[in-house]
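To start, the structure under review is shown below, and the notes come after it.
Along the sequence shown, the residues carry numbers beginning at 1.
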Amino acid sequence: MKKIKNEGKDTVMDYRKARSYIDEAHRFGGEMGLDVITRFLEYLGNPQDDLRFVHIAGTNGKGSVGAYLEAVLVEAGYRVGRFISPTLYEYRERIQINGAYITEEDFGRWMDQIVPVMEKMKREGEALPSPFEIETALSFLYYREKKCDLVLLECGMGGKTDATNVIKNTELAVITSISMDHMEYLGDTLEKIARQKAGIIKPGASVVTCSQQTEAAKEIERACRQGGNLLTVGRVENAEKIEADLEHQTFSYGGQRITIHLAGSHQLENAVLALVGVQTLVQRGYKITREQIRRGFEKAQWSGRFTILKKEPYVVVDGAHNPDAAEKLKASLEMYFHGRKLIFLMGVLKDKQYDKIASILAPMAKEVITLETPDNGRALSAEKLAETVRKYNGRVQAAKSLSDAVDQGMNLAEKEDVVVAFGSLSFTGEITRLFREWKGYRREEC
């Protein structure tokens with residue numbers, strides 16, 4: 001590792017101080033494009049050039065596909081870095097190795113190396129990196145130090161101009177389901193959005209994707225033709241469904257029988273895509289047996305996406321925050337809870353398609369409780385959201401806080417009912433904690 005002079009300091013930066021420094025970076029970072037992070041990483045010795053990557057882009061399903069891939073690769077004995085965005089429960093969750101979060105000490109130690117570089121850039125009048133770019137660079141330094149065999153790298157947003165796209169050594173590019181989201185940054189048509197996502201495809205990389213809408217599929221195919229990349233499509237329609245309930249789903253695809261424990265109708269599509277990704281890595285020389293694939297899928301975990309927190313009543317937390325995810329949540333609720341009374345806790349950000357989300361889901365509910373995502377400048381007020389929901393369901397009320405929403409939802413529910421909290425991923429961790437601490441919650445019920 002190239003040593004970066006740190007003005008004689010021998011102590012490790014306190015984790016809270018390191019986090020504060022990154023939070024402050026919101027004030028001066030944030031330019032779109034790769035120029036800033038490219039220069040930033042040059043100062044840091046380009047750690048990303050010593051790593052191999054599985055790069056994951058898409059609108060929905062990135063985290064679930066990453067969870068399956070990680071579980072299989074770890075089962076096969078590989079040392080796997082994983083970079084996640086956004087995170088739900090803990091800041092350090094975004095930088096992991098084999099499922100273990102980066103320690104506070106390691107985070108502070110690498111910030112000790114990063115801060116002098118940023119100060120140098122500042123003195124010389126250069127554009128400074130955003131918090132996401134800092135986190136991305138820090139992860140590369142950490143994964144290189146820990147000698148990761150492969151890094152599963154999630155795009156933050158888009159693909160072509162996302163900070164993660166500074167990498168060169170992509171073994172596998174994975175493009176999950178693409179739909180309309182972040183239109184103000186990525187484009188106002190599916191074709192434009194797909195073009196951004198397909199921007200992660202690098203020379204020499206294998207590419208896998210799922211069955212996409214026509215416009216998106218054409219953009220991915222075009223990018224692969226131009227780059228000479230081998231494209232494999234995981235087609236969920238060709239999977240044989242064997243059995244499914246809230247505890248597990250079993251299917252067969254390409255001669256491999258797989259059982260997963262992630263609930264949700266959409267997880268079959270994610271699992272098929274991940275399976276095709278694993279098979280592609282095997283074709284590239286990675287040593288993974290059929291039994292390791294089977295065990296890995298069965299061990300995979302990914303919280304916050306149609307996660308069952310409680311029974312009697314059932315409590316479900318889901319990160320549906322765009323229309324495509326809302327449709328998938330609707331399908332899952334119809335699949336598992338058809339005929340039951342549904343009580344929704346809904347909160348979204350004001351730059352999301354909340355009217356469309358409400359039109360898809362609100363008619364299903366007997367009661368809707370709206371909430372405002374706390375401590376987020378992009379949050380839509382509970383009252384404004386309630387006005388929108390009222391167009392599709394008159395039984396709606398605005399909560400004063402997350403805890404008020406949980407109290408209202410649980411008090412309205414009978415044992416056989418289902419309470420569903422969904423919307424912004426940014427409140428998923430806190431609302432999960434509130435449900436688990438709510439009076440009457442018994443951990444052994446789960």
Side-chain angles (χ1 to χ4, degrees), residues 16 19-20 23 26 86-91 93 303-322 325-326 329 333 341-415 417-443 445-446:
R16 287 171 295 181
R19 284 289 310 279
S20 295
D23 290 341
H26 278 288
T87 57
L88 302 185
Y89 303 106
E90 154 72 56
Y91 178 84
E93 179 185 349
S303 298
R305 282 76 174 176
F306 209 84
T307 299
I308 310 298
L309 297 181
K310 180 174 167 55
K311 301 177 181 178
E312 296 185 344
Y314 273 102
V315 174
V316 180
V317 173
D318 189 85
H321 62 285
N322 55 50
L329 174 57
L333 292 171
K341 178 182 175 182
L342 304 176
I343 298 163
F344 287 168
L345 276 59
M346 178 181 179
V348 295
L349 301 180
K350 59 188 176 185
D351 54 2
K352 297 296 181 179
Q353 294 176 278
Y354 55 88
D355 189 286
K356 182 66 174 175
I357 296 169
S359 73
I360 294 166
L361 288 168
M364 300 181 73
K366 295 295 183 182
E367 305 272 353
V368 181
I369 300 160
T370 60
L371 56 93
E372 180 175 331
T373 303
D375 303 320
N376 193 316
R378 295 162 56 205
L380 183 70
S381 73
E383 292 77 13
K384 176 67 175 177
L385 182 56
E387 289 177 18
T388 301
V389 169
R390 199 165 284 116
K391 294 190 291 185
Y392 309 103
N393 187 329
R395 299 181 65 87
V396 58
Q397 50 190 312
K400 298 175 182 176
S401 63
L402 288 188
S403 59
D404 180 44
V406 169
D407 285 341
Q408 288 189 49
M410 294 301 287
N411 288 326
L412 283 168
E414 302 293 337
K415 275 191 173 184
D417 298 337
V418 185
V419 180
V420 187
F422 66 91
S424 173
L425 290 166
S426 58
F427 68 72
T428 303
E430 178 62 13
I431 208 161
T432 296
R433 182 188 67 78
L434 290 167
F435 274 121
R436 285 181 170 162
E437 293 178 356
W438 194 81
K439 59 183 180 180
Y441 175 79
R442 296 194 301 276
R443 193 173 294 274
E445 289 179 329
C446 290

Could you check Val396 against Ile369 for side-chain contact (heavy atoms from CB on, under 4.5 Å), going step by step and ending with a plain yes or no? CA-CA 6 Å; Val396 58; Ile369 300 160; over 6 Å; no
Could you walk me through whether Leu349 and Leu380 pass the side-chain contact (heavy atoms from CB on, under 4.5 Å) check? CA-CA 5 Å; Leu349 301 180; Leu380 183 70; over 6 Å; no
Could you walk me through whether Glu387 and Arg390 pass salt bridge (Lys or Arg N to Asp or Glu O under 4.0 Å), step by step? CA-CA 5 Å; Glu387 289 177 18; Arg390 199 165 284 116; over 6 Å; no
Please assess Lys391 against Asp355 for the test salt bridge (Lys or Arg N to Asp or Glu O under 4.0 Å), listing each intermediate value before the final yes or no. CA-CA 9 Å; Lys391 294 190 291 185; Asp355 189 286; 2.4 Å; yes
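Summarising the geometry, atom CD belonging to Gln397 is positioned 12.0 Å from atom CD belonging to Glu383; distances are rounded to the nearest 0.5 Å. Note that OH of Tyr314 and CD1 of Ile343 are 15.5 Å apart. Values are rounded to the nearest 0.5 Å. Once rounded to the nearest 0.5 Å, the distance linking NE2 of His321 with CG of Asp351 reads 10.0 Å. Summarising the geometry, atom CZ belonging to Arg433 is positioned 9.0 Å from atom CG belonging to Leu402; distances are rounded to the nearest 0.5 Å. Between atom CG of residue Leu309 and atom CZ of residue Arg436 there is a gap of 5.5 Å, rounded to the nearest 0.5 Å. Once rounded to the nearest 0.5 Å, the distance linking OG1 of Thr373 with CD of Glu430 reads 11.5 Å.
Applying the 6.0 Å contact sphere to CG of Asp375 captures no more than 12 heavy atoms from other residues, nucleotides or ligands. Heavy atoms of other residues, nucleotides or ligands lying less than 6.0 angstrom from NZ of Lys341 number more than 12. Residue Arg395 places its CZ atom among 12 or fewer non-hydrogen atoms of other residues, nucleotides or ligands, all under 6.0 Å distant.
Using a 4.5 Å heavy-atom threshold, the side chains of Val317 and Phe306 count as separate. A 4.5 Å side-chain heavy-atom check between Asn393 and Pro363 finds every atom pair outside the cut-off. The shortest side-chain heavy-atom distance between Asp417 and Leu342 does not fall under the 4.5 Å cut-off. Side-chain atoms of Arg378 and Lys352, non-hydrogen and from C-beta on, do get closer than 4.5 Å to each other. In this structure, the side chains of Val315 and Ile308 stay at 4.5 Å or more apart for every pair of heavy atoms. Looking at heavy atoms from C-beta onward, Tyr91 lies in side-chain contact with Arg19 at the 4.5 angstrom threshold. For the pair Val316 and Val418, the minimum side-chain heavy-atom distance is below 4.5 Å. Between Met346 and Leu371 the shortest side-chain heavy-atom distance does not fall below 4.5 Å.
Residue Ala398 comes nearest to Thr370 through the heavy atom pair CA-OG1, 3.3 Å, listed as atom of the first residue, atom of the second, then distance. Taking every heavy atom of both residues into account, Ile360 and Met364 meet most closely at O-CG, 4.4 Å. Shortest non-hydrogen contact noted between Val389 and Ala362 is CG1-CB, 4.0 Å. The heavy-atom pair separating Ala320 from Phe422 by the smallest distance is O-CD1, 4.0 Å. Residues Asn376 and Ser426 approach most closely at ND2-OG, 3.7 Å, considering heavy atoms. Across all non-hydrogen atoms, the minimal contact from Leu425 to Pro86 is CD1-CG, 3.6 Å.
For the pair Thr307 (side chain) and Ser303 (backbone), a donor-acceptor distance under 3.5 Å is absent. Between the side chain of Thr388 and the backbone N or O of Ala386, no donor-acceptor pair lies under 3.5 Å. In this structure, the side chain of Glu93 engages the main chain of Leu88 through a donor-acceptor pair within 3.5 Å.
Side chain to side chain, Tyr354 and Asn322 fail the donor-acceptor criterion of an N or O pair below 3.5 Å.
Here the options are Leu329, Val419, Leu333, the test is side-chain contact (heavy atoms from CB on, under 4.5 Å), and the partner is Phe344; only Leu333 passes.
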